[in-house]
Amino acid sequence: MMSRFLWLLLGVTLIAGTFFYFFLARFREMIGCHIGMNITMTVSGLLGIASGIVLAYQFPSIYTVVTIINTLIAVIIGVLFGSLGDFQTVISGGISGIMAGIMGPMLGAMADQPFLLLTFITILSLFSFAVVCFSISLEEREQKESSEDGMERGKD
């Protein structure tokens, strides 16, 4: 029964990450190097750790294979989100994916309450996604206001 809840929490996190990617894709031109690196490090880290916890808990006998698969998953997630920015962001996403991909199964193997840990990571992921979406929306509003101010100054 516990394994179904773990898969459910992982599914919620991955679906939220997918929606987050498509939301950010609309604002691709606004994503610079700094915010892009923050996004890729956060997303690949949280999703890599979440998938590592579930995989390590579900398949404890093949820990090495789980670590390799999870590292590949986290690197792919990091590179995908990094592709929203520039090349440095892609590199940052890949590197943070490597770190999260290796750390996730370690946390999953050592967690005495993986459901509690994964619940915390799911909530943290959703909160992080919401904060970044809010900051992107604020940035867009700020850019619109500054471009309107520039047009008004040009008329004077």
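Of all non-hydrogen atoms in Ser128 and Thr42, the two that sit nearest each other are CB-CG2, 3.9 Å. Here the closest non-hydrogen pair linking Ala56 and Val66 is N-CG1, 3.8 Å.
For the atom pair CZ of Phe81 and CG of Leu84, the computed distance is 7.0 Å after rounding to the nearest 0.5 Å. To the nearest 0.5 angstrom, Glu145 atom CD is 7.5 Å from Glu142 atom CD. In this structure, the separation between CD1 on Ile49 and CD1 on Ile121 is 5.5 Å, given to the nearest 0.5 Å. The distance from the CE atom of Met37 to the CD1 atom of Ile91 is 9.0 Å, given to the nearest 0.5 Å. Taken from CH2 in Trp7 to CG in Leu118, the straight-line distance is 10.5 Å, to the nearest 0.5 Å. Leu124 CG to Thr119 OG1: the interatomic distance, rounded to the nearest 0.5 Å, is 12.0 Å.
Sorted by first and then second residue, the side chain to side chain donor-acceptor pair (under 3.5 Å) pairs with a member in residues 81-106 read Ser44-Ser96, Asp86-Thr89; sequence neighbours excluded.
By the 6.0 Å contact criterion, CZ on Phe19 is open, its count of non-hydrogen atoms from other residues, nucleotides or ligands being 12 or less.
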Before you tell me yes or no, could you show the steps for Val54 and Tyr57 under side-chain contact (heavy atoms from CB on, under 4.5 Å), namely the whole-Å CA-CA distance, both residues' side-chain angles and the distance that decides it to 0.1 Å? CA-CA 5 Å; Val54 172; Tyr57 182 76; 5.9 Å; no
Step-by-step side-chain contact (heavy atoms from CB on, under 4.5 Å) determination, Leu47 to Leu14: CA-CA 7 Å; Leu47 295 180; Leu14 291 175; 4.2 Å; yes
Working note: Phe120 + Ile123, criterion side-chain contact (heavy atoms from CB on, under 4.5 Å); need CA distance, chi angles, decisive distance, verdict. CA-CA 5 Å; Phe120 173 72; Ile123 292 169; 5.8 Å; no
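No path of Ile, Leu, Val, Met, Phe, Trp and Tyr side chains, each step under 4.5 Å between heavy atoms, connects Leu126 with Leu46, placing them in separate hydrophobic clusters. In the hydrophobic clustering of ILVMFWY residues, with side-chain heavy atoms under 4.5 Å counting as a link, Leu55 and Met99 come out apart. Put simply, Tyr21 and Ile15 are part of two different groups of oily side chains (I, L, V, M, F, W, Y) that touch within less than 4.5 Å, one to the next. Val43 is not connected to Val12 by any chain of hydrophobic side-chain contacts under 4.5 Å among Ile, Leu, Val, Met, Phe, Trp and Tyr, and they are in different clusters.
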Hey, can you pull the donor-acceptor pairs under 3.5 Å for the side chains in residues 68-77, sequence neighbours left out?
residue	atom	partner	partner atom	Å
Asn70	OD1	Ser51	OG	2.4
Asn70	OD1	Gly52	N	3.1
Asn70	ND2	Gly48	O	3.0
Asn70	ND2	Gly101	O	3.1
Thr71	OG1	Thr67	O	2.7
Thr71	OG1	Gly101	O	3.4

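Aromatic rings of Tyr63 and Phe59 (six-membered ring for Trp) have centroids beyond the 6.0 Å cut-off, not under it.
Using cut-offs of 30° and 60° on the angle between ring planes, the pair Phe129 and Phe20 is parallel.
Applying the side chain to side chain contact (heavy atoms under 4.5 Å, CB included) rule to Met110 yields no partners; only residues at least two apart in sequence or on another chain are considered.
Contact check for Ile35 versus Ile136: side-chain heavy atoms found under the 4.5 Å cut-off.
Counted by atom type alone, Thr122 and Thr13 present one or more donor-acceptor pairs between their side chains at under 3.5 Å.
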